[in-house]
Amino acid sequence: MATKSGLKGRYICKVGFYDVYAKDTFKPKKESKFKYAKPDVASTVYNIYHAKKLVEKGYKTKNEAVEMAKFLLGEKAVNYGL
């Protein structure tokens, strides 16, 4: 059975039981004679998920998102060796 996880963005890493995803925003596509021309990335926003639930959003860098996920783990971080 297929899932529609593409709406979350690109999977980046796992911190404990949280997942970090990157959501890209693209610039308008330029005219090209090639069908496979990819659009340019305008910006990237990192979001933290627990299972399918969005926990935190709006981080500009991966490091910010990972640090916030570690903070959200609290005392449970010891169980994961963080």
Side-chain angles (χ1 to χ4, degrees):
M1 179 185 258
T3 62
K4 294 186 178 183
S5 62
L7 299 175
K8 295 179 188 177
R10 294 181 287 124
Y11 176 78
I12 301 298
C13 67
K14 187 168 203 67
V15 180
F17 50 80
Y18 291 114
D19 297 319
V20 178
Y21 284 86
K23 184 78 173 182
D24 295 327
T25 305
F26 296 102
K27 293 180 183 176
K29 190 175 180 181
K30 296 179 182 178
E31 290 296 322
S32 176
K33 64 180 179 179
F34 303 108
K35 291 182 180 179
Y36 54 84
K38 294 184 180 180
D40 295 330
V41 175
S43 66
T44 303
V45 177
Y46 293 89
N47 301 324
I48 301 171
Y49 284 86
H50 178 235
K52 295 180 182 178
K53 182 180 176 187
L54 178 65
V55 178
E56 293 282 329
K57 66 178 181 177
Y59 295 102
K60 298 293 181 191
T61 64
K62 174 188 169 187
N63 292 334
E64 289 179 9
V66 169
E67 290 300 319
M68 186 59 182
K70 287 180 184 177
F71 176 75
L72 290 172
L73 280 173
E75 295 177 0
K76 297 175 186 172
V78 176
N79 297 341
Y80 295 99
L82 300 175

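Keep in mind the model is a prediction, meaning the values are calculated, not measured. Throughout, numbering of the chain's residues begins at 1 and tracks the sequence.
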Please tell me if the side chains of [X] and [Y] come closer than 4.5 Å, counting only heavy atoms from C-beta onward.
X: Asp40; Y: Phe26; value: no
X: Phe17; Y: Leu73; value: yes
X: Asp24; Y: Arg10; value: yes

query = In this structure, are over 12 heavy atoms from other groups packed under 6.0 Å from Tyr11 atom OH?
reply =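 Yes, because the 6.0 Å sphere around OH of Tyr11 holds more than 12 heavy atoms from other groups.
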Identify the two heavy atoms, one from [X] and one from [Y], that lie closest to each other, and give their separation to 0.1 Å.
X: Ala69; Y: Ile48; value: N-CD1, 3.8 Å
X: Ile12; Y: Tyr46; value: CG1-CE2, 4.1 Å
X: Gly58; Y: Val45; value: CA-CG1, 3.5 Å
X: Ala51; Y: Lys8; value: O-NZ, 3.5 Å

How long is the span from the [atom1] atom in [X] to the [atom2] atom in [Y], to the nearest 0.5 Å?
X: Lys62; Y: Cys13; atom1: NZ; atom2: SG; answer: 5.0 Å
X: Thr44; Y: Lys60; atom1: OG1; atom2: NZ; answer: 9.5 Å
X: Ser43; Y: Lys27; atom1: OG; atom2: NZ; answer: 10.0 Å
X: Lys14; Y: Asp19; atom1: NZ; atom2: CG; answer: 3.5 Å

Answer with yes or no whether the hydrophobic clustering places [X] together with [Y]; edges join I, L, V, M, F, W, Y residues whose side-chain heavy atoms lie under 4.5 Å apart.
X: Leu72; Y: Tyr59; value: yes
X: Phe71; Y: Tyr21; value: no
X: Val66; Y: Tyr18; value: yes

request  = State whether the side chain of Lys76 and the backbone N or O of Gly16 hold a donor-acceptor pair below 3.5 Å, judged by distance alone.
outcome  =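 Checking the backbone N and O of Gly16 against the side chain of Lys76, no donor-acceptor pair under 3.5 Å is found.
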inquiry  = Taking side chain to side chain contact (heavy atoms under 4.5 Å, CB included) as the definition, give me every residue that meets it alongside Leu54, ordered by chain and number, with sequence neighbours left out.
reply    =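 Scan of Leu54 (side chain to side chain contact (heavy atoms under 4.5 Å, CB included), adjacent residues dropped) gives Asn47, Tyr49, Lys57.
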